[in-house]
Visitor: 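Take a look at this one; I'll ask things after.
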Amino acid sequence: RVTSIADRLNVEFALIHKERKKANEVDRMVLVGDVKDRVAILVDDMADTCGTICHAAEKLVSAGATKVYAILTHGIFSGPAISRINNASFEAVVVTNTIPQEEKMKHCPKIQVIDISMILAEAIRRTHNGESVSYLFSHVPL
């Protein structure tokens with residue numbers, strides 16, 4: 001997936017490999033690739049307490065990244081998440097509006113929200129009418 005996205009954007013990429021000893025607990029992270037003097041964008045499906053993503057951001061900075069952004073589908077942000085984001089080296093943490101973020105944004109200026117209601121509505125319409133949903137992967141409605 002990362003290779004496909006990087007190719008479409010015509011950019012190089014690095015990745016962080018997470019090793020777990022047990023579920024929901026990251027034992028070790030390994031950075032694969034070069035981020036020195038580059039802007040890094042962490043992409044993930046969701047962030048709950050944000051321990052993993054904040055640890056990843058620090059790993060990128062220590063490897064020489066000049067700026068770090070996070071793009072997440074679902075920002076759950078429970079427990080210590082907001083404090084962790086505020087103390088981490090993120091320029092911004094961008095999430096979709098699948099979960100309301102107004103209260104979290106009051107306590108964390110780094111959180112930015114993207115409205116995905118149009119693409120969800122189009123996916124529902126296409127499903128209802130028996131049309132291709134995969135079409136949306138390359139044609140995003142505005």
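Quick note: residue numbers are just sequence positions, from 1. When reading the values below, keep in mind they use all heavy atoms of this one structure, side chains included, and skip hydrogens, waters and symmetry mates.
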Visitor: Which distance, rounded to the nearest 0.5 Å, do you find between the CD of Q101 and the NE2 of H74?
Guide: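 Between atom CD of Q101 and atom NE2 of H74 there are 11.0 Å.
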
Visitor: Flag the pair Y69 / V94 as yes when at least one side-chain heavy-atom distance between them is below 4.5 Å, and no otherwise.
Guide: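 In short, these two side chains do not touch, never coming nearer than 4.5 Å.
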
Visitor: Is a donor on one side and an acceptor on the other found under 3.5 Å between the side chain of K67 and the backbone of E91?
Guide: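 The answer is no, because no donor-acceptor pair under 3.5 Å joins these two groups.
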
Visitor: I82 versus I111: any side-chain heavy-atom pair under 4.5 Å?
Guide: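 With C-beta onward as the side chain, the pair touches.
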
Visitor: Quick one: CD1 on I71 to OG1 on T96, what's the gap to the nearest 0.5 Å?
Guide: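 OG1 of T96 is found 11.5 Å from CD1 of I71.
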
Visitor: Can you give me the closest heavy-atom contact between A57 and L42, atom names plus distance?
Guide: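 Looking at all heavy atoms of both residues, the shortest contact is N-CD1, 3.8 Å.
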
Visitor: So which atom in D34 and which in A14 form the shortest heavy-atom distance, rounded to 0.1 Å?
Guide: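 It is N-CB, 4.3 Å.
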
Visitor: For the atom pair CD1 (I85) and NE2 (H107), what is the distance rounded to the nearest 0.5 Å?
Guide: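 The CD1 atom of I85 sits 12.5 Å away from the NE2 atom of H107.
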
Visitor: Linking I/L/V/M/F/W/Y whenever their side-chain heavy atoms sit closer than 4.5 Å, directly or via other members, would F90 and L31 fall into one cluster?
Guide: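 Same cluster: F90 reaches L31 through Ile, Leu, Val, Met, Phe, Trp or Tyr contacts under 4.5 Å.
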
Visitor: Kindly compute the distance separating CG (L72) from OG1 (T98), expressed to the nearest 0.5 Å.
Guide: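 Separation between the atoms: 10.0 Å.
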
Visitor: Between the side chain of N87 and the main-chain N/O of C54, is any donor-acceptor distance below 3.5 Å?
Guide: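 Not a single qualifying donor-acceptor pair exists.
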
Visitor: Any side-chain heavy atom of S132 within less than 4.5 Å of one from H139?
Guide: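 Result no, sub-4.5 Å side-chain heavy-atom pair not found.
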
Visitor: Between K106 and E102, is there a salt bridge with N-O shorter than 4.0 Å?
Guide: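 Looking at K106 together with E102, the answer is no, because their closest N to O distance does not fall below 4.0 Å.
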
Visitor: Using modelled atom types only, decide if a donor and an acceptor are shared between the side chain of T73 and the backbone of M46 within a distance under 3.5 Å.
Guide: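 Not a single qualifying donor-acceptor pair exists.
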
Visitor: Has the side chain of E58 got a donor or acceptor atom that lies under 3.5 Å from a matching backbone atom of S89?
Guide: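 Between the backbone of S89 and the side chain of E58 there is a qualifying donor-acceptor contact (under 3.5 Å).
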
Visitor: Would I53 and M105 show up in the same hydrophobic cluster when neighbours are defined by side-chain heavy atoms closer than 4.5 Å?
Guide: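 Cluster IDs for I53 and M105 match.
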
Visitor: Taking a hydrophobic cluster as the set of Ile, Leu, Val, Met, Phe, Trp and Tyr residues connected by side-chain heavy atoms closer than 4.5 Å, whether directly or through intermediates, do L9 and V2 fall within one such cluster?
Guide: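 Not linked; separate clusters.
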
Visitor: Minimum heavy-atom separation for F137 to R8, with atom names?
Guide: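 For F137 versus R8, the nearest heavy atoms are O-NH1, 3.7 Å.
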
Visitor: Could you check whether any side-chain heavy atom of P109 comes within less than 4.5 Å of a side-chain heavy atom of N86, counting everything from C-beta outward?
Guide: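 Counting from C-beta outward, P109 and N86 do come under 4.5 Å.
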
Visitor: With a 6.0 Å cut-off (strictly less than), is the heavy-atom count around CE of M29, excluding the residue itself, greater than 12?
Guide: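 Yes, CE of M29 has more than 12 neighbouring heavy atoms, counting only those of other groups under 6.0 Å.
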
Visitor: Spell out, as yes or no, whether a donor-acceptor pair under 3.5 Å connects the side chain of K104 to the backbone of F77.
Guide: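 Yes, the answer is positive, given that a donor and an acceptor are paired below the 3.5 Å cut-off.
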
Visitor: Keeping the roles fixed (side chain from K59, backbone from I16), state whether a donor-acceptor pair exists under 3.5 Å.
Guide: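 No, because the side chain of K59 does not come within donor-acceptor range (under 3.5 Å) of the backbone of I16.
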
Visitor: Please check this pair: side chain of D115 against backbone of S117, looking for a donor-acceptor N/O pair closer than 3.5 Å.
Guide: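 Yes.
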
Visitor: Hey, could you give me the CD1/CD1 distance between I5 and I41, rounded to the nearest 0.5 Å?
Guide: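 Here the rounded value is 10.5 Å.
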
Visitor: Is there a side-chain contact (heavy atoms from CB on, under 4.5 Å) between H128 and R125 once you walk through the steps?
Guide: CA-CA 5 Å; H128 179 74; R125 188 196 69 75; 5.8 Å; no

Visitor: Mind checking whether V113 and V93 sit in one hydrophobic cluster, side chains of I, L, V, M, F, W, Y counted as touching below 4.5 Å?
Guide: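 In one cluster: yes.
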
Visitor: Just wondering, more than 12 heavy atoms not from E12 lying within 6.0 Å of its CD?
Guide: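 No, not enclosed.
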
Visitor: For the CG atom of L60 and the CZ atom of R38, what is their distance to the nearest 0.5 Å?
Guide: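 These two atoms lie 12.5 Å from each other.
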
